[in-house]
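Numbered from 1 within each chain, the chains take letters A, B, ... in sequence-line order.
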Amino acid sequence: MIKPLTSVGWLRHTLWILVAIAGASALGGIASARGETINALWFVVAAVATHALAYRFYSAWIAARVLAIDETRATPAERFDNARDFVPTHRWIVFGHHFAAIAGPGPLIGPTLAAQFGYLQGTLWILVGSVLGGCVQDMVILFFSTRRDGRSLGQMARDELGPMGGAAALVGTLVIMVILIAVLGLVLVNAMKHSPWATSTVAATIPIAMLVGVYLRDIRPGRIIEGSLLGLVLLLVAVAGGGWVDHSPLLRPWFDQDGLSLAWAVIVYGFFAAVLPVWLLLAPRDYLSTFVKLGTILLLAVAIVVLHPEIRMPALTRFTDGTGPIFGGKLFPFVFITIACGAISGFHSLIASGTTPKLLANERDIRPIGYGGMVLESFVAIMALIAATLLEPGVYFAINSPSGVVGTTAASAVATIASWGFPVTVAHMNQLAQMAGESSLFARTGGAPSLAIGMAMIFSSAFGKGVLSLWYHFAIMFEAVFILSTLDAVHGSGDSCFRIFSETYGHPWVGLLGIRL
Amino acid sequence: MLTSGVIVAAWGYFLYIGVIDPNGGVNILWPLFGISNQMLAAIALSVATGILVKSGQGRHAWITGLPLGWLALVTTSAAWEKIMSEDVRVGFLTAASNLADKLALGTLPPEKAAIAEKLIFNQRLDAGLTVFFVLVLWVVIFDMVRMSLRHLRGLPVPPLTESPHEPSRLVEDWVRD
């Protein structure tokens, strides 16, 4: 039976139709704009409308018809409540934890690197891939794990598919984590190489996290918000203090390191982070990074709307033919594996079958946390894409092209990039580097420096001119916090992966490795 | 402690190679990360599709089956190009043999010749890993399809492991520290 619509119902219908029209025209505008520049606001409108419609209708349909979410059913958190890992928790706190865990630096780096193809394919893949792929994956895995006492993906693969699929899933999980940490460490090293400011700021985040850990455990136990705010203030002091280190003749040489020594520093850090007690480093960093992430993303969204900058990158560049300087390979299939985390990411399924299902108080939270968390992450990816494509394309390629492709001198790099049709001058790059407080911006590969320049330009134009260097290093600190907290989180799941594998399959050598001393 | 050491050693190796690579390392590691991440997503979607089929939601299995098909296509073709491509900047094996030729001819500058052996080994290792990722991906998809077909034919399959329904007793507006 069809209910007659009330006036409120009509209002709602009209509103959603308007959202659909706005989204469709923004997407149409992005797809058909050729030759002239396009405003970043179109991307924001297209993303908000697409995600709002998908969340309201598609995810609701999946929740009701396919998964049959049952509000009256007790969750694992309620049934096994042990005040340690199974704890029924308020919806928005679970959302914060889940988002902080899934939002690694992937959605920031991927769109930045893929911008060498232009803005069009990246935008479309992020939007379509997330609403049909990534968000669905996160939500259904969270649901299935919640219905199975919070079991991990590897265990579910073994139980539901059979031993072969289960073994493949466990080994795959382990290998992907090794590659993930290595690439994130590399991005971090490339951002800190010969940059005393960035290196000292990133280094300062470690004692700050420990201080917050001690504060939360011994000085004011349980005051999470208070401790996190204290940490946040200290982080801002560290960003400004880095500038002082940069100009201090005494301290500068200590933090002016080449790539190899920084790589060793990251490796040694990784080992200690894995063996230190959780309350000292991991837990406080988790709180800090949640606040830093949510705050910065909100600030960036506001700044983009206030500033509504023009996108300078063409819709499609000549590098769709596979000759791109940042990475080789054609548009298909490489854009779809370069932008992983903003569209669909297997890494999320580890979180959605890890800590999150053990915290859910009610099954109805699965939709806002599973689908909604990924919607927010995909929105972060769109903002990273805007930050990368509003740079002059010449500047973008000068920062991101490795010296092996464009040559080791500034003059040869500028000549090569200009020959691709993206004019840029040495003087302009030097001026930009000086404004950012860096010695050089040529060949700073990895995506983090160019994203930081893009973010710094947005922030400094929107909230205060002339402090580009502060904003640049704030953005580097923001990226480093993402990377270091992912590194810690991944280590935790690496250990449990070993354990599950040895319990399940009982191979002697795996069993040996699985012993935690 | 021991497992942590093993894991750190494994990623430390890839990080080290990435840092000494004159092409920045990101252009090698990021595609490898992308392929492995999409492979893991495909495994998750296979598990989900299998569960949907078993729980009688076969007609809705496209909600995870569709992205699964796309990821299988994308990941496999990207892996194919990374292994088979004759473009030095795409194919791992081509890059390795190209570098080996230059090393044998002695045309490399000394600082590059010193690390060439390591880079050649790493390119071949990356090719091997890519093959491994694709194999794992198709093993899981194959396992899921086999299990689903058996279920549809009425043959025995591993049972659903959903835990039994228990009514929730949590009150609505509770507050917890």
Tell me if a side-chain donor or acceptor on [X] pairs with a main-chain N or O of [Y] at a distance below 3.5 Å.
X	Y	result
B:S77	B:V74	yes
B:T49	B:A61	no
B:S85	B:V90	no

Out of [options], which one racks up the most heavy-atom pairs below 4.5 Å with chain B?
options	result
A:A263, A:P333, A:G259	A:P333
A:Q137, A:E363, A:K330, A:E160	A:E160
A:G324, A:G129, A:G322	A:G324
A:L67, A:I109, A:T146	A:I109
A:V189, A:T338, A:D149	A:T338
A:G328, A:S401, A:G133	A:G328

Take B:I35 and B:K82 through the side-chain contact (heavy atoms from CB on, under 4.5 Å) test and state the conclusion after the steps.
-> CA-CA 10 Å; B:I35 290 173; B:K82 291 307 285 182; 4.0 Å; yes

Considering all heavy atoms of both residues, which atom of [X] and which atom of [Y] are nearest to each other, and what is their separation?
X	Y	result
A:A169	B:I43	CB-CG2, 3.7 Å
A:I141	A:S353	CG2-CB, 4.0 Å
B:L15	A:G185	CD1-C, 3.5 Å
A:V405	A:P325	CG2-O, 3.9 Å
B:Q38	A:W125	NE2-CZ2, 4.2 Å
A:I337	B:A78	CD1-CB, 3.8 Å

Non-hydrogen side-chain atoms of A:L153 and B:L40 separated by less than 4.5 Å =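 With C-beta onward as the side chain, the pair touches.
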
Given that the side chain runs from C-beta out, which part of [X] has a heavy atom under 4.5 Å from chain B: side chain, backbone, both or neither?
X	value
A:V140	side chain
A:L113	side chain
A:L161	both
A:E78	side chain
A:V136	side chain
A:V266	both
A:Y58	side chain
A:D258	neither
A:L132	backbone
A:F336	both
A:T323	backbone
A:V66	both

Residue part contacting chain A, namely of [X], when any heavy atom lies under 4.5 Å:
X	result
B:L68	neither
B:W70	side chain
B:I20	side chain
B:M144	both
B:N37	both
B:E166	both
B:Y13	neither

Let's test your reading of the structure: which of [options] forms the most heavy-atom pairs below 4.5 Å with chain A?
options	answer
B:V47, B:I28, B:V157, B:L66	B:V47
B:P67, B:S148, B:A44, B:G50	B:A44
B:V140, B:L29, B:T161	B:T161
B:L45, B:V139, B:I51	B:I51
B:S163, B:S36, B:P158, B:A10	B:S163
B:M147, B:Q57, B:H165	B:H165

Check the pair B:N27, A:I326 against side-chain contact (heavy atoms from CB on, under 4.5 Å), reporting the backbone distance first and the verdict last.
-> CA-CA 6 Å; B:N27 51 358; A:I326 298 168; over 6 Å; no

Where does the angle between the aromatic ring planes of A:W61 and B:W62 fall among parallel (under 30°), tilted (30 to 60°) and perpendicular (over 60°)?
->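 The arrangement is parallel - the two ring planes meet at less than 30°.
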
Between A:T408 and A:S403: side-chain donor-acceptor atoms closer than 3.5 Å |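 Short answer, no.
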
After noting the C-alpha distance and the side-chain angles of B:T76 and B:W138, does the key distance pass the side-chain contact (heavy atoms from CB on, under 4.5 Å) rule?
-> CA-CA 9 Å; B:T76 310; B:W138 285 102; 3.1 Å; yes

Can the ring centres of B:W11 and B:F14 be said to be less than 6.0 Å apart?
->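 No: the rings miss the under 6.0 Å criterion.
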
Would you sort out whether B:F33 and A:L184 count as a side-chain contact (heavy atoms from CB on, under 4.5 Å), showing the intermediate values?
-> CA-CA 10 Å; B:F33 162 64; A:L184 296 185; over 6 Å; no

Between CD1 of A:I351 and OG of A:S345, what distance do you get to the nearest 0.5 Å?
->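 Going from CD1 on A:I351 over to OG on A:S345, the span is 9.0 Å.
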
